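Each remark here refers to the structure printed beneath this line.
Index from 1, following the sequence. In this text, all values refer to a predicted model and were calculated from it rather than measured experimentally. As the structure lists them, so they are numbered: ligands from 1, and atoms in each ligand from 1.
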Amino acid sequence: MYITVVGAECAPVAKVGGLGDVIHGLCRELAKQGNQVEVVLPKYDCLHLDSVQDLHLAHEGLRVPFYEQLLPFNVESGYVDGIHCFFIDPQSDHEFFRRGRIYGEVDDPGRFAFFSRAVLEFLLKTDRQPDIIHCHDWQTALVPVLRWEIYEALGLTHPRVCHTLHNLAHQGVAGDYVLRAVGLDPTRLMTSDRLLDWGNPRSVNLLKGAIVYASFVTTVSPRYAWEILHTDQGMGLQATLQSHRHKLLGVINGIDVDAWNPMTDPRIAQTYGPESLPGKARNKWELRRKLGLDDATKPLVSIVSRLARQKGVDLMRHAVHYALGSGCQMVLLGSALEPWIDELFRDLERETDGSADCHLELGYDEELSHQIYAAADILVVPSVYEPCGLSQMIAMRYGVVPVARRVGGLVDSVFDANYSDKAFEEVNGFLFDDLSCEGLESALGRAIRLWFKYPEYFRQLRLNGMQMDNSWSGPAGQYLSIFESIKA
Ligand code: ADP
């Protein structure tokens with residue numbers, strides 16, 4: 001099958017968060033399974049060009065309307081980790097993608113609307129007729145709208161669009177100028193069954209447009225699919241999702257099992273696997289030495305997370321106190337974007353300063369994250385909501401037992417040791433429901449007690465997690481079945 005993937009990120013060349021990893025991992029697996037896959041990205045000035053091979057100018061002098069102008073753009077081509085990538089490079093003084101960062105500009109809706117139209121123009125003018133255009137998140141949500149409203153008549157008739165929702169908290173809400181800018185008719189599209197925002201009668205909701213116009217809509221776990229249909233996790237789009245539920249499915253994300261492999265990981269002191277689990281002890285010792293923690297017979301509880309409201313900042317802070325009060329050691333690696341959250345954790349850092357059992361590392365550190373997964377016994381994931389979540393899957397691959405809130409993709413990947421209908425070989429962690437200190441303690445307490453009192457059973461939980469298949473192989477197969485079902 002011929003699949004064109006359109007997104008705002010692809011690791012490692014353009015990555016802000018999980019979206020970049022998902023596009024990279026899924027594309028590699030789809031290609032491995034014999035499909036023709038190409039990715040189209042903006043040519044940001046902050047691309048990591050050292051991870052692009054054979055970058056060259058592939059097409060020049062293409063144009064798309066933007067307001068009253070015809071804006072020229074070029075397309076460059078190169079390979080990222082074997083994936084064929086095209087980069088849309090506008091040649092105008094708007095400098096859409098020359099801002100030094102990927103998101104966060106006041107004209108984000110306009111920049112990505114331009115990108116969406118440029119992608120379709122590129123496909124049309126270079127005679128590409130992929131079977132599937134796979135779009136991601138609000139930034140590319142106008143692709144299915146533009147394909148149907150404008151490009152079908154121009155001859156881009158073969159592709160069907162699948163759109164993946166990674167996080168309903170970001171919907172791309174803007175004034176209707178965004179539609180006019182790229183040649184769409186606001187009076188036709190600003191209706192409640194099309195792109196009119198559910199909250200603001202003057203605004204357009206780009207993500208809603210993708211849900212309405214795409215041939216199929218996926219989200220990143222089965223449980224999150226259920227939550228966005230039936231709870232306030234739909235963030236205002238429940239009614240739209242309900243009317244299109246016949247074409248909505250949750251497909252859980254995978255993780256890159258080559259990059260996250262304790263048996264080969266070059267960043268950890270001692271490689272190990274299910275057969276050589278004692279190897280973890282050396283990693284624990286090394287991490288303690290590196291961070292100045294005591295070498296004691298205590299479980300090492302960890303958190304590796306963005307420090308954001310979604311991730312449950314209050315419960316993370318409570319987990320630190322609770323773990324220390326329960327005779328554990330604690331390591332937290334996290335980065336906050338919002339100053340008030342950063343300040344909360346700086347306070348906590350000051351409170352625990354000098355403790356031989358606690359280390360908080362505030363910032364982003366890829367290498368340290370590998371070392372924490374290799375060393376830790378327990379990972380706490382107390383999310384308020386969690387479309388999929390990768391850290392719990394990575395942790396399990398490293399023999400760390402997750403303690404997670406029973407929401408979103410955490411429900412589809414963590415199976416409670418005591419309260420699950422799964423077979424014994426499939427349970428791998430601890431879950432709690434209530435978003436409260438008592439809720440967290442109900443699960444973290446069970447994990448800690450098990451570590452102290454029943455080490456053999458705790459070891460079995462580690463092994464169960466390590467033996468789970470969280471690779472992209474299964475999810476890619478599910479995407480292919482969806483693509484097959486909508487293909488023209
Ligand atoms: P998100 O919502 O942030 O995408 P996920 O659980 O899906 O959450 O993915 C988080 C990824 O980012 C994991 O690979 C995790 O190890 C990594 N990560 C999060 N915070 C940090 C940090 N401060 N330093 C290094 N890696 C981090």
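In this structure, atom 27 (C) of ligand 1 is in close contact with the protein, since a protein heavy atom lies within 4.0 Å of it. Within a 4.0 Å radius of atom 10 (C) of ligand 1, the protein has no heavy atom.
The shortest N or O to N or O distance between Arg306 and ligand 1 is below 3.5 Å.
Of the protein's non-hydrogen atoms, Asp365 N, 3.1 Å is the one closest to atom 24 (N) of ligand 1. Counting only heavy atoms of the protein, atom 20 (N) of ligand 1 lies nearest to Ser305 C, 3.3 Å. When only non-hydrogen protein atoms are considered, atom 4 (O) of ligand 1 lies nearest to Gly18 N, 3.5 Å.
Of the options Tyr373, Trp260, Tyr364, the smallest heavy-atom separation from atom 16 (O) of ligand 1 is shown by Tyr373. The nearest non-hydrogen atom to atom 2 (O) of ligand 1, considering only Glu366, Gln310, Glu361, Lys311, comes from Lys311. Nearest-residue assignment for atom 14 (O) of ligand 1 (options Ile394, Leu390, Ile372; heavy-atom criterion): Ile394.
Residue-ligand proximity, Gly389 to ligand 1, at heavy-atom distances under 4.0 Å covers atoms 6 (O), 7 (O). Of all atoms in ligand 1, numbered sequentially from 1 with element shown, those under 4.0 Å from a heavy atom of Gly334 are 23 (N). Proximity to Gly363 (heavy-atom distance under 4.0 Å) selects the following atoms of ligand 1: 22 (C), 23 (N). Distances below 4.0 Å separate heavy atoms of Ser335 from the following atoms of ligand 1: 23 (N).
Electrostatic pairing of Asp347 and Arg350 counts as a salt bridge here, judged by a charged N lying under 4.0 Å from a carboxylate O. Salt-bridge check for Arg397 with Asp256: failed, with every basic side-chain N at 4.0 Å or more from each acidic carboxylate O. Using a cut-off of 4.0 Å between Lys/Arg side-chain N and Asp/Glu carboxylate O, Arg223 and Asp412 are scored as not salt-bridged.
The side-chain heavy atoms of Leu431 and Tyr419, taken from C-beta on, include no pair separated by under 4.5 Å.
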Check against side chain to side chain donor-acceptor pair (under 3.5 Å), Asn283 and Tyr398
CA-CA 11 Å; Asn283 291 300; Tyr398 282 72; over 6 Å; no
What's the verdict on ring-ring contact (aromatic ring centres under 6.0 Å, His included) for His163 and Phe216, showing C-alpha distance, side-chain angles and the deciding distance?
CA-CA 6 Å; His163 196 94; Phe216 209 93; over 10 Å; no
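Not counting sequence neighbours, the partners of Asn205 by the side chain to side chain contact (heavy atoms under 4.5 Å, CB included) test are Gln171, Val173, Asp197, Trp198, Leu207, Lys208, Leu237.
No donor-acceptor pair closer than 3.5 Å links the side chain of Glu426 to the backbone N or O of Asn464.
No side-chain N or O of Gln242 forms a donor-acceptor pair with one of Gln238 less than 3.5 Å apart.
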